[in-house]
Amino acid sequence: MCGIVTAIATNNVVPVLLEGLRKLEYRGYDSAGLAVLSGSLSRLRAAGRVAELAALADARQLSANIGIAHTRWATHGVPSERNAHPHISGGLAVVHNGIIENFEAIKSSLEARGYVFESETDTEAIAHLVHSKLETHPDLFEAVRLATNELVGAYAIGVLAEADPFRAIVARRGSPLLLGIGEQGMYAASDTAALLQVTRKVVYLEDGDLAELRLDGYRVVRPDGEAVEREVHLSSLSADAVELGQFRHYMQKEIFEQPQALGNTLEMIAGGGAISPQHFGARAAEIFDGVRRVLVLACGTSYHAGLVARYWLESVAKIPTTVEIASEYRYRESVPEADTLVVVISQSGETADTLAALKHAKTLGMARTLAICNVPESAIVRESALRFITRAGPEIGVASTKAFTTQLAALALLTLALAKLNGRLPEAEEQRHLTALRHLPVAVQKVLELEPEIEKWAQRFASKEHALFLGRGRHWPIAMEGALKLKEISYIHAEAYAAGELKHGPLALVDKDMPVIAVSPADELLEKLKSNLQEVRARGGELYVFADAGSEIPESEGVHILHMPEHYGMLSPVLHVIPLQLLSYHAALVKGTDVDKPRNLAKSVTVE
Ligand code: HGA
């Protein structure tokens with residue numbers, strides 16, 4: 001959340017800063033701003049989108065060789081021009097991603113010294129704090145180092161000072177930040193996508209690092225001032241991967257990229273590849289040995305992936321599994337068990353609650369940790385003993401789609417790897433699962449072809465205010481994911497229930513205005529589900545049923561059926577989520593909401 005860009009170059013950096021912000025806009029889009037030095041400090045800020053800031057910069061014909069920029073997702077203070085970054089103190093400007101937990105204490109002590117605060121943000125405290133340090137330590141780099149040592153919380157910052165016009169300072173702790181080494185200058189940004197326009201050579205900063213960016217190079221130091229070397233990586237991300245191409249929205253593009261994303265994620269088992277612990281890292285066989293239970297920690301859509309995996313891990317690998325919302329786990333007193341494999345799932349690998357939950361599990365003595373993330377050098381990956389990198393490619397749409405299905409693919413592999421280690425995966429079974437996994441991209445492609453029918457359903461949905469999603473067994477989390485998608489992007493209030501729970505309360509909500517969406521695969525629970533659907537129909541509820549070829553639910557008045565292909569066994573949840581993604585996408589289109597940037601949300605939740 002919140003995106004920052006910093007640049008110092010021989011050419012005009014304003015277009016680079018703006019293009020960087022466009023690429024980071026998925027991280028926050030309630031306001032945007034930039035500050036550049038060209039003789040003196042100029043700052044531009046706009047409530048609203050990056051496009052509005054770009055128009056202001058155009059009108060002013062702003063040009064400079066050094067600057068910082070920001071796109072905001074407000075945590076402290078309403079989204080407004082006054083609260084938009086950069087924040088200024090004297091001739092010094094700061095952009096910030098994160099939350100400063102002790103900002104009130106810092107603010108009071110600075111106010112006592114005469115500093116006047118103009119915004120409601122925590123960030124402004126950083127600007128004044130750095131400025132105050134300059135009184136005793138005139139070196140900007142040193143002033144930033146001393147100031148950041150006093151900050152409690154999470155930050156990635158970029159700092160510029162009028163009195164020191166040939167360098168920009170950046171620092172991070174908790175929030176992501178990387179450097180870019182370009183032909184014409186040095187850059188920093190919250191993620192690689194923002195820098196592909198100028199370079200693919202990147203340096204990932206570690207927690208606590210500070211860096212000075214100059215035209216002729218950079219240096220990195222630790223919080224105590226000691227210099228460190230950080231490896232230079234060549235990003236394999238292509239600029240095309242973050243372009244919209246022929247699609248109307250990133251969400252649509254990402255839904256349709258799922259066959260390819262799954263194929264890439266499952267590449268290691270293509271051809272003759274077998275199930276192996278190696279898929280999870282060199283030390284996986286040793287770490288998996290003796291695992292007696294699994295604890296999955298995740299948030300949002302990733303949490304739903306974990307819930308599906310619980311059904312798989314218990315039924316196939318016979319390993320007791322618990323799935324917890326990361327923000328709850330980190331603050332609750334729990335009983336640690338050393339023979340637990342802690343699996344953390346996060347698209348960005350930067351989700352603050354998941355990262356904190358992982359660290360919490362480790363402090364409780366649970367050292368067997370596995371990250372399932374889509375971003376290789378992310379904080380969660382670096383914090384975990386084992387890793388599985390899903391190869392979904394950049395996910396820009398705020399509502400997660402391809403990250404979810406590739407997480408499911410990773411979790412299916414994990415289930416099979418643990419089952420095999422425990423002697424619960426006979427050779428013939430392994431081959432059967434491998435065939436199903438290899439065929440998965442094609443199976444997903446077939447479901448995507450149902451889009452025109454789903455589009456028609458979406459027309460009817462868009463006028464509804466509420467919707468109920470039902471599922472059973474491993475498809476209950478899919479119903480939850482469907483409800484989440486609908487809420488996120490179409491703002492229709494949706495709830496998901498395990499279908500057997502209906503009669504214990506939610507049935508009271510059912511009437512002709514409450515559409516009920518049922519995930520109805522032809523699995524072992526189908527007959528039970530059919531009875532639950534009868535209960536709905538008997539109360540006048542309108543049913544929208546996503547059925548497999550073998551479900552045999554007849555279409556009748558008030559019962560609409562979408563016929564999906566053959567039932568896909570264990571992996572059926574991967575197929576059944578696709579029409580629900582499409583349904584919410586098309587409902588949002590009909591309603592005219594901002595699909596890729598839904599209100600109040602942002603991607604990559606780097607704040608608590
Ligand atoms: N706390 C700062 C930055 C917010 C942020 O990083 N959000 O993801 C603010 O509210 O402006």
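Atoms within each ligand, like the ligands themselves, are counted from 1 in listed order.
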Task: Ligand-side contact atoms (ligand 1) for residue partner Arg72, heavy atom cut-off under 4.0 Å - done: 9 (C), 10 (O), 11 (O)
TODO: Quick one: sort the Tyr329 and His360 rings into parallel, tilted or perpendicular, breaks at 30° and 60°.
DONE: perpendicular
Open item on the list: Between ligand 1 and Ala74, is the shortest N or O to N or O distance under 3.5 Å?
Closed with: no
Task: Arg172 and Asp209 ion-paired at < 4.0 Å - done: no
Open item on the list: Less than 4.0 angstrom from a charged side-chain N to a carboxylate O is my criterion; do Glu150 and Lys133 meet it?
Closed with: yes
Open item on the list: Tell me the protein heavy atom at minimum distance from atom 5 (C) of ligand 1, and give that distance in Å.
Closed with: Cys2 SG, 2.8 Å
- [ ] Check whether any N or O atom of His70, backbone or side chain, sits under 3.5 Å from an N or O atom of ligand 1, and answer yes or no.
- [x] no
- [ ] Classify the contact between Thr123 and ligand 1 as side chain, backbone, both or neither, using a heavy-atom distance cut-off of under 4.0 Å.
- [x] side chain
Task: His85 and His96 aromatic ring geometry - parallel, tilted or perpendicular at 30°/60° bounds - done: parallel
- [ ] For Arg27 and ligand 1, answer yes if some heavy atom of the residue is under 4.0 Å from a ligand atom, otherwise no.
- [x] no
- [ ] Considering heavy atoms of the protein only, find what lies nearest to atom 8 (O) of ligand 1 and give residue, atom and distance to 0.1 Å.
- [x] Met1 CB, 2.7 Å
Open item on the list: Whether Lys603 and Glu395 form a salt bridge (side-chain N of Lys/Arg under 4.0 Å from carboxylate O of Asp/Glu) is what I want to check.
Closed with: yes
Task: Atom indices of ligand 1 within 4.0 angstrom of His96 heavy atoms, with elements - done: 3 (C)
Task: Lys/Arg N to Asp/Glu carboxylate O, Asp594 vs Arg49, below 4.0 Å - done: yes
Open item on the list: Quick check: do Glu118 and His87 have side-chain heavy atoms less than 4.5 Å from each other?
Closed with: no
- [ ] Could you find the nearest protein heavy atom to atom 6 (O) of ligand 1 and give me its residue, atom name and distance?
- [x] Gly98 N, 2.6 Å
Task: Nearest-option assignment for atom 2 (C) of ligand 1, heavy atoms, candidates Thr121, Val95, Ile126, Asp122 - done: Asp122
